[in-house]
Amino acid sequence: MGTQFEFASVASPSVFTLLNEVESVTFSGDKVSTDKTTNMLSTNGVDTYLGSTKEPGTCDVKCFYTPGDTSQIAIEAIKNAGFAVNCQVVYPLALGTATFSGIVESVTRALPLSKVATLDIKVKISGPVTYSAG
């Protein structure tokens, strides 16, 4: 309880806007890409690799959809603009933050008959994530 997702519509200075009605925040696993370096002299013909670029992954945010909410309208506008913005996840109980630059790839609404309407936001992380302890 208490986790927050925040975004900034201006890079400098970053003034974060709290995204309302957040239910969950999930970071996909980041990974290191590999380049195959097997050659004619590789021992026993076993493949060898070098680590190369790092894929930072995504940050997926699930919210309760609230039509007319200014923060949800703003995140949709950022998606439509297609540029990277500063984002921040604030962990509960003052445990720290994760700050990163991200591009809002998609905003998906679900309007089920017998459940609460949801808004699923996928943010592509661009560059490193900076973690700080609380």
Side-chain angles (χ1 to χ4, degrees):
M1 302 290 214
T3 299
Q4 299 176 2
F5 180 84
E6 301 174 338
F7 59 93
S9 56
V10 181
S12 182
S14 285
V15 176
F16 288 102
T17 298
L18 174 66
L19 181 62
N20 292 320
E21 304 296 330
V22 171
E23 179 186 4
S24 68
V25 176
T26 305
F27 285 93
S28 71
D30 57 338
K31 67 179 184 175
V32 175
S33 297
T34 56
D35 289 331
K36 190 172 182 177
T37 60
T38 308
N39 61 53
M40 298 298 242
L41 298 176
S42 294
T43 305
N44 296 326
V46 177
D47 288 337
T48 57
Y49 298 88
L50 287 175
S52 62
T53 62
K54 296 176 184 171
E55 166 61 51
T58 63
C59 179
D60 301 322
V61 183
K62 185 177 193 110
C63 304
F64 296 117
Y65 177 48
T66 308
D69 178 81
T70 57
S71 67
Q72 293 180 3
I73 291 168
I75 202 83
E76 179 95 25
I78 289 169
K79 181 204 52 106
N80 291 337
F83 57 84
V85 297
N86 291 329
C87 300
Q88 178 171 270
V89 175
V90 180
Y91 296 124
L93 306 172
L95 292 174
T97 61
T99 307
F100 56 92
S101 177
I103 300 166
V104 179
E105 288 187 314
S106 65
V107 176
T108 306
R109 290 172 192 77
L111 306 164
L113 176 62
S114 61
K115 295 182 181 179
V116 175
T118 59
L119 193 68
D120 294 325
I121 301 159
K122 181 175 285 295
V123 180
K124 178 67 173 169
I125 299 171
S126 177
V129 178
T130 302
Y131 295 96
S132 65

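Heads up: numbering here begins at 1 and tracks the sequence.
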How close do Ser101 and Ala84 get, counting heavy atoms only, and between which atoms? OG-CB, 3.4 Å
Taking the side chain as every heavy atom from C-beta outward, state whether Asp120 and Asp60 have any pair of such atoms under 4.5 Å apart. no
Is there a side-chain contact between Ile121 and Cys63, using heavy atoms and a 4.5 Å cut-off? yes
Using only atom types and a distance under 3.5 Å, with no angle test, would you say the side chain of Thr37 pairs donor to acceptor with the backbone of Thr48? yes
If Ile, Leu, Val, Met, Phe, Trp and Tyr residues are connected whenever their side-chain heavy atoms lie under 4.5 Å apart, and connections chain through other members, are Val90 and Val129 in the same group? no
For Gly127 versus Pro56, what's the shortest heavy-atom pair and its separation? O-CB, 3.5 Å
Using the rule that two of Ile, Leu, Val, Met, Phe, Trp, Tyr join whenever any of their side-chain heavy atoms come within less than 4.5 Å, decide whether Val61 and Tyr131 are in one cluster. yes
Out of curiosity, does Leu119 fall in the hydrophobic cluster containing Leu111 (side-chain heavy atoms, cut-off under 4.5 Å, transitive links)? yes
Can you tell me how far the OG atom of Ser28 sits from the NZ atom of Lys124, to the nearest 0.5 Å? 7.0 Å
Within the distance-only criterion (no hydrogens, no angle test), does the side chain of Thr17 pair as donor or acceptor with the backbone N or O of Ala8 below 3.5 angstrom? no
Got Phe5 and Val89 here, is their nearest side-chain heavy-atom distance under 4.5 Å? yes
Is the closest basic N to carboxylate O distance between Lys36 and Asp47 below 4.0 Å? yes
What is the distance from atom CD of Glu6 to atom CD of Gln88, rounded to the nearest 0.5 Å? 5.0 Å
Would a 4.5 Å heavy-atom cut-off, applied to side chains only, mark Thr66 and Gln72 as touching? yes
Separation of Ile78 CD1 from Ile73 CD1 (nearest 0.5 Å): 12.5 Å
Can you tell which of Glu76, Lys79, Lys122 makes a side-chain contact (heavy atoms from CB on, under 4.5 Å) with Val104? Lys79
With a 4.5 Å cut-off on side-chain heavy atoms, are Thr3 and Val22 touching? no
pair Leu18-Asn20: side-chain heavy atoms closer than 4.5 Å: yes
Rounding to 0.5 Å, atoms CD1 (Ile125) and OG1 (Thr58) come to a distance of 6.5 Å
In one Ile/Leu/Val/Met/Phe/Trp/Tyr side-chain cluster, 4.5 Å: Val25, Phe64: no
Taking the side chain from Asp69 and the backbone from Ser71, do they hold a donor-acceptor pair closer than 3.5 Å? yes
Going from CZ on Phe16 to OG1 on Thr99, what distance comes out if it is rounded to the nearest 0.5 angstrom? 5.5 Å
Are Phe83 and Leu19 linked, directly or through other ILVMFWY residues, by side chains that come within less than 4.5 angstrom of each other? yes
When rounded to the nearest 0.5 angstrom, what is the spacing between OG in Ser132 and OH in Tyr91? 9.0 Å
Return the orientation label for the Phe100 and Phe27 ring planes: parallel under 30°, perpendicular over 60°, tilted otherwise. perpendicular
